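All remarks here apply to the structure that follows.
Proteins come first, then strands; the chains are lettered A, B, ... in the order of their sequence lines, and each starts at number 1. Predicted model only: the values in this text are computed from it and were never measured.
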Protein chains: 2
Amino acid sequence: MKKPASLIDVARRAKVNISTVSRTINQTGKIGAETQARVLKAMRELGYKPNRVARRLRTQEGSSHLLGLIIPNIQNSFFADLARGVEDVAYKNNFALLLCNYDEDEAKERFYLDVLQSESVDGIILPPIHENDPAVLQVVRNGIPVVCVDRSLSSGNLDKVEVDNHTGALKAVEHIIAQGHKRIGLIGGPADSSTGRERLRGYKDAHNQAGLPIKAELIRFGDFKQESGQTLAHELLSLADPPTALFACNGLMTAGALEAIAARGLKIPKQIAIVGFDELPLSSVFNPPLTVVRQPAYEVGKYAAELLLKRIEDAKRPATSLKLMPELIIRKSC
Amino acid sequence: MKKPASLIDVARRAKVNISTVSRTINQTGKIGAETQARVLKAMRELGYKPNRVARRLRTQEGSSHLLGLIIPNIQNSFFADLARGVEDVAYKNNFALLLCNYDEDEAKERFYLDVLQSESVDGIILPPIHENDPAVLQVVRNGIPVVCVDRSLSSGNLDKVEVDNHTGALKAVEHIIAQGHKRIGLIGGPADSSTGRERLRGYKDAHNQAGLPIKAELIRFGDFKQESGQTLAHELLSLADPPTALFACNGLMTAGALEAIAARGLKIPKQIAIVGFDELPLSSVFNPPLTVVRQPAYEVGKYAAELLLKRIEDAKRPATSLKLMPELIIRKSC
DNA sequence: TTCTGGTAGGCAAACGTTTGCACAGCTTCA
DNA sequence: TGAAGCTGTGCAAACGTTTGCCTACCAGAA
């Protein structure tokens, strides 16, 4: 294990004190031009790279240049896109990213929250597991900048960037109704998630607006995973009086529903119409192309990271809350 | 910013020296049962969490309990699955994961490699950008455990886990040929990537085995991104004598090719057959369901992480090299 | 000349750990 | 009784930075 050059090595070689080297690097304090040149030269010759760990230990506040991102599942393309958005702005600002998968598991979320704090990250981006997530609240109370994405925290006056789930679902279901459907099955998200609830609300409001009755048997709650989409679609399609259209509340569940539909040999959209939340890699070339409500996942991540960086700069700035509009992409599946 | 409790606080409260506390936590050294209980109690009361940064600074070798993962693009589901595999075993072993997206950009790769070293990660998992990537080699020379995934490094005797790309492509193209196709367009990966080359070799070998001529005009090289799949498919399909089947060398390019096919209104598989590398979220429910060669991406990540952990434990163990077999999933697109 | 003030750079503490060494007290054995 | 060995604990250095404070020097003003 070859030890990398440290400040001390550079200082020795440039014949100055380590503080001078540190100040040269960070451009803090006045350093003579000639001394500076000598230091720079020594750094280059030794291939000096500052040790981020030591730096982080010393300066607890502010710039460790490390962000934490905790997401439910990287395999969900919504979160992959979001992560990519975060990563891009982090990189542009020379921040690295500590990525954590919490899998909707509260213990895992807690573990990662602990890790991130104990790594002294400069800030954390996450979708809270539910609305008053005590672990997240504690982090906030500890004074670590947090921005919520996708879902929000009921208490706490935090930066957040969300998608307008209600409007997204409303537009989708309005569209379904406009196609003449009267029995619309809902493959919903967990009832205790704000996204699940908001989308459900959109579904109901669209029905109310159209004067359509809301039938409890057509409303099912899944867990945002593919398998539950499949199961619930089968349940709905097995009803004595099955729905003629399905609205699936996220991408994975849409894929699951599509599996169920394929297994039953049903034709889309004649025998069963479907609209899904989330754009999927193949949805535009699907046969038939899928009508979906596309969430601006990349942008959510991007804005969240920008907000976080601003807050790290200035802890006192007022919390801002962004609500991004999803887009209904009408194709052929409904 | 509430300062978290430190070793010193715990020591004070338990009326012992900090070294005693440290030893209690790490179970190193003999500590009296009664003292231990007192320390544990104090820790609990203060909500003490060890500071990972300080720990990492002190113990340069070994357990910082932090792994680095550098991947081309998290939006590529192959790498998302792989990342998930890594993450799962990391979590099981109480390691956190520093995730980096290098986007096939050498400067970005170098940046992240620097960050990871300067964060003193215990080890790094990555697909080298190409076969003799000097930056990676330097990291290895610095004594940091590295395991290569997906692609390999020509020099250096490293742990690696790869997929048998040659066999995967061979089986796929054999299958295409068995369906009676004689003009098979290849949407290949970059010629300077080992995966691209291996898959090309499979394509050629299948042709040779079958006594089919290899036509240069049918072979195109993309960059593993969706757009290039689309472009190349259009090129191939515009040929005076177009191919009757396409073999696309990764998931994103397959999606691109599908776009081109859809834009031209071609029927799969009658007018154009297609086989892709990589399983995509919707490929089994696609219409028609896609014939693909599925790479065990999750397993690649999982084994890589396991190998890395073993190497961290024991730097001297001989390098092991795993080659996982992909699976040809025959559905209806060819 | 002496004083004031500014500039360049050195000194050493601090961040929160881990760990080699020292040492006190006790047991054991000759 | 005393040497040897073990057990439990404390002391302090070290990891590589950043930063408040101090000093030495020099220029310009009085």
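One atom, CG of A:N51, and another, C1' of D:dA14, lie 14 Å apart when rounded to the nearest Å. Distance CG (A:L7) to P (C:dG10): 13 Å, rounded to an integer number of Å. Remark: C1' of C:dT19 and CD1 of B:I25 are 14 Å apart, rounded to the nearest angstrom. Taking atom CZ of residue A:R56 and atom C1' of nucleotide D:dT17, one finds them 12 Å apart after rounding to whole Å. Rounded to whole Å, atom C1' of C:dT17 lies 8 Å from atom CG of A:L57. Residue B:D9 contributes atom CG, which lies 13 Å from atom C1' of C:dT17 at whole-angstrom precision. Atom CG of A:N26 is separated from atom C1' of D:dT19 by 10 Å (rounded to the nearest Å). In this structure, the CD1 atom of A:I8 is 13 Å from the C1' atom of C:dC11, given to the nearest Å.
Under a 4.0 Å N-O distance rule, the pair B:R84/A:D103 qualifies as a salt bridge.
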For residues 35-45 of chain B, which side-chain donor-acceptor pairs fall under 3.5 Å, sequence neighbours excluded?
from: B:R38; atom 1: NE; to: B:A14; atom 2: O; distance (Å): 3.0
from: B:R38; atom 1: NH2; to: B:A14; atom 2: O; distance (Å): 3.2
from: B:K41; atom 1: NZ; to: B:E45; atom 2: OE2; distance (Å): 3.3
from: B:E45; atom 1: OE1; to: B:R13; atom 2: NH1; distance (Å): 2.3

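Remark: B:Y91 engages A:F111, A:Y112 in a ring-ring contact (aromatic ring centres under 6.0 Å, His included) (not counting sequence neighbours).
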Would you tabulate the pairs of protein nitrogen or oxygen atoms and nucleotide nitrogen or oxygen atoms of nucleotides 7-13 of chain D closer than 3.5 angstrom?
from: D:dT9; atom 1: OP1; to: B:T35; atom 2: OG1; distance (Å): 2.2
from: D:dT9; atom 1: OP2; to: B:G32; atom 2: N; distance (Å): 2.6
from: D:dT9; atom 1: OP2; to: B:T35; atom 2: OG1; distance (Å): 3.2
from: D:dG10; atom 1: OP2; to: B:N17; atom 2: N; distance (Å): 2.7
from: D:dG10; atom 1: OP2; to: B:T20; atom 2: OG1; distance (Å): 2.7
from: D:dG10; atom 1: N7; to: B:S19; atom 2: OG; distance (Å): 3.4
from: D:dG10; atom 1: N7; to: B:R23; atom 2: NH2; distance (Å): 3.3
from: D:dG10; atom 1: O6; to: B:R23; atom 2: NH2; distance (Å): 2.7
from: D:dC11; atom 1: OP2; to: B:N17; atom 2: ND2; distance (Å): 3.1
from: D:dC11; atom 1: N4; to: B:S19; atom 2: OG; distance (Å): 3.1

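When only modelled atom types and interatomic distance are considered, B:N73 and B:Y102 share no side-chain donor-acceptor pair under 3.5 Å. Between the side chains of A:N17 and A:S19, at least one donor-acceptor pair of N or O atoms lies under 3.5 Å.
Residue-level contact check: B:S22 touches the bases, meaning some heavy atom is under 4.0 Å from a base atom.
Test A:V147, A:V89, A:V86 against A:E306 for side-chain contact (heavy atoms from CB on, under 4.5 Å) and you get one pass: A:V89.
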